[in-house]
Amino acid sequence: LSYTHRTFHGFFVTDDLGRNAATAYETYTLTAPNDPRLPNAGQPITYYAVKAAANVTGQSILRPETFYGPERDSHWNGVDFTLNARLRQGLTLQLGTSTGGAVVDTCQTVTALNNVLAAGTGLSGQTENGPDPRGCRNVDPWQTTVRGLASYTIPKIDVLVSATVRSQPPIQLTANWQVPNSVILASLGHLPAGATATGTTTLQLLPTNDTNKLYADQRRNQIDMRVAKVLRFGRTRTDVGFDLYNLLNSNYATAYNTTYVYNTDNAPRAAGWGTPTGIFQPRFVRFNVTVDF
């Protein structure tokens, strides 16, 4: 049983000297869709846009984060548990869990500087454009991963039976909101710099802080088995058998549609968003021969 605390230091930030955090940006507010699947459904969301006068090639400089003020808080806490048991007649059991969560707080820097980051490259994938505080304090909930193994060789007939189990936390969901620029025009009073009236702007719809993160509704569980006949010839051991993957035929999603299309008719749901785009492989059997010299 172990407890681990890790802290991370020595970060650098890129500051655009051609922009002033107080004057280079303007804000506009959009109302999140009234979709019951969203933790912020129907709530106002403020976004930052670069003013046209400031949307020019700036002079960027890379400096240590501490040059501008307090260093970010970046740490991880975790507890690991491992159990190994070798019982009578060759029965071996292994069980392990890993529980932990991270905290990354960059609010001191994000709200003071003009971050030079492309869309989607910020913490948890959100855009950190200008003094946008959304997601600057990212607190992961404590989550647990479980892994286990059991192995037993049936005496006299030398048949090996083994199984592995794995249980992982659900996947965090994101929503890339494709908003028509005409909608932003109505809120901002003019089109965003460089935008066209017929185009769209992709915004991060879901908040990324610790209170409103959204996860899939199921853990990812899997059990695999192996049955093999053990053949011994002198110093050589040969296992001839079958591997059975995904014994319970679990069909949890491995990826989700992250595109949330704006509904001009104010419909409460966006078709396609949050639906699985990848499913874990179905149950299958593989013939296997292993030779140890």
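Side chains are part of it too, since the values below use all heavy atoms of this structure and drop only hydrogens, waters and symmetry mates.
Residue Leu205 holds its CG atom at 5.0 Å from CD1 of Ile45, rounded to the nearest 0.5 Å. Rounded to the nearest 0.5 angstrom, Thr259 OG1 and Trp273 CH2 are separated by 11.5 Å. From Leu38, atom CG reaches atom CG of Leu173 across 10.0 Å, with rounding to the nearest 0.5 Å. Atom CG of Leu203 sits about 5.0 Å away from atom OH of Tyr47, to the nearest 0.5 Å. The distance from the CG atom of Asp105 to the CZ atom of Arg72 is 9.5 Å, given to the nearest 0.5 Å. Note that CG of Asp73 and CG of Asn138 are 11.5 Å apart. Values are rounded to the nearest 0.5 Å.
Among residues at least two apart or in separate chains, side-chain hydrogen bond (donor to acceptor under 3.5 Å, both in side chains) pairs with a member in residues 184-197 are Glu26-His190.
Between Phe280 and Asn246, some side-chain heavy-atom pair lies under the 4.5 Å cut-off. Proximity of Gln172 to Gln143: side-chain heavy atoms (C-beta onward) are nowhere separated by under 4.5 Å. Two residues are said to be in side-chain contact when any heavy atoms from C-beta on lie closer than 4.5 Å; Gln108 and Pro70 meet this criterion. The shortest distance between side-chain heavy atoms of Thr202 and Trp177 does not fall below 4.5 Å. Counting only heavy atoms from C-beta outward, the side chains of Ile184 and Thr201 approach each other to under 4.5 Å. With contacts defined as side-chain heavy-atom distances shorter than 4.5 Å, the pair Trp142/Val79 qualifies. Between Leu93 and Leu87, some side-chain heavy-atom pair lies under the 4.5 Å cut-off. For the pair Leu91/Ser151, no side-chain contact is recorded, criterion being any heavy-atom separation below 4.5 Å from C-beta on.
Between the side chains of Thr7 and His9, a donor-acceptor pair is found at a separation under 3.5 Å. Side-chain contact of Arg166 with Asn221: a donor-acceptor pair under 3.5 Å is absent, judged by distance alone. If you check the side chains of Thr277 and Asn257, you find no donor sitting under 3.5 Å from an acceptor. For the 3.5 Å distance criterion, the side chains of Thr144 and Thr99 qualify, holding a donor opposite an acceptor. Under 3.5 Å, the side chains of Arg286 and Tyr245 contain a donor-acceptor pair of N or O atoms. Looking only at atom types and distance, the side chain of Asn176 has no donor-acceptor partner in the side chain of Thr174 under 3.5 Å away. Side-chain atoms of Asp80 and Tyr3 form no donor-acceptor pair, as typed in the model, at a separation below 3.5 Å.
Residues Asn77 and His5 share a closest heavy-atom pair of OD1-ND1, 2.5 Å. Here the closest heavy-atom approach between residue Leu30 and residue Val179 is recorded as CD1-CG1, 4.0 Å. Residues Ala49 and Tyr28 share a closest heavy-atom pair of CB-CE2, 3.9 Å. Of all heavy-atom pairs spanning Ala253 and Ile171, the tightest one is O-CD1, 3.7 Å. Residues Asn251 and Ile279 come closest through the heavy atom pair O-CG2, 3.7 Å.
In terms of modelled atom types and a separation under 3.5 Å, the side chain of Glu71 and the main chain of Gly10 share a donor-acceptor contact. Within the 3.5 Å criterion, the main-chain N or O of Thr164 finds no donor-acceptor partner in the side chain of Asp224. No donor-acceptor pair under 3.5 Å is formed between the side chain of Asn40 and the backbone N or O of Gln43. Judged by distance alone, with hydrogens and angles left aside, the side-chain atoms of Arg220 form a donor-acceptor pair with the main-chain N or O of Pro169 at under 3.5 Å. Using modelled atom types, no side-chain atom of Lys51 and backbone atom of Pro192 make a donor-acceptor pair closer than 3.5 Å. Here the side chain of Thr254 pairs a donor or acceptor atom with the backbone of Gly278 at under 3.5 angstrom.
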Is there a side chain to side chain contact (heavy atoms under 4.5 Å, CB included) between Arg63 and Tyr68? Walk through the geometry before answering. CA-CA 9 Å; Arg63 284 175 172 160; Tyr68 299 97; 3.3 Å; yes
Derivation and outcome, side-chain hydrogen bond (donor to acceptor under 3.5 Å, both in side chains), residues Ser162 and Arg226: CA-CA 5 Å; Ser162 62; Arg226 185 181 189 191; 5.8 Å; no
Decide side-chain hydrogen bond (donor to acceptor under 3.5 Å, both in side chains) for Thr290 and Asn288; before the verdict, give the C-alpha distance in whole Å, the side-chain angles of both, and the deciding distance to 0.1 Å. CA-CA 7 Å; Thr290 303; Asn288 188 287; 2.9 Å; yes
Passes side chain to side chain contact (heavy atoms under 4.5 Å, CB included), Arg237 versus Phe293? Steps please. CA-CA 7 Å; Arg237 168 178 167 153; Phe293 295 96; over 6 Å; no
Side chain to side chain contact (heavy atoms under 4.5 Å, CB included) between Lys156 and Ile154, worked out: CA-CA 7 Å; Lys156 296 184 180 179; Ile154 303 175; over 6 Å; no
Side chain to side chain contact (heavy atoms under 4.5 Å, CB included) between Leu95 and Thr82, intermediate numbers included: CA-CA 6 Å; Leu95 177 66; Thr82 303; over 6 Å; no
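Aromatic ring orientation, Tyr25 versus Tyr48: perpendicular (interplanar angle above 60°, classes split at 30° and 60°).
In this structure, Val227 is a member of the same hydrophobic cluster as Leu244, with clusters built from ILVMFWY side-chain heavy atoms closer than 4.5 Å.
By the 4.0 Å N-to-carboxylate-O rule, Asp158 lies close enough to Arg232 to be salt-bridged with it. One finds a salt bridge joining Lys213 and Asp140 here, because a Lys/Arg side-chain nitrogen approaches an Asp/Glu carboxylate oxygen to under 4.0 Å.
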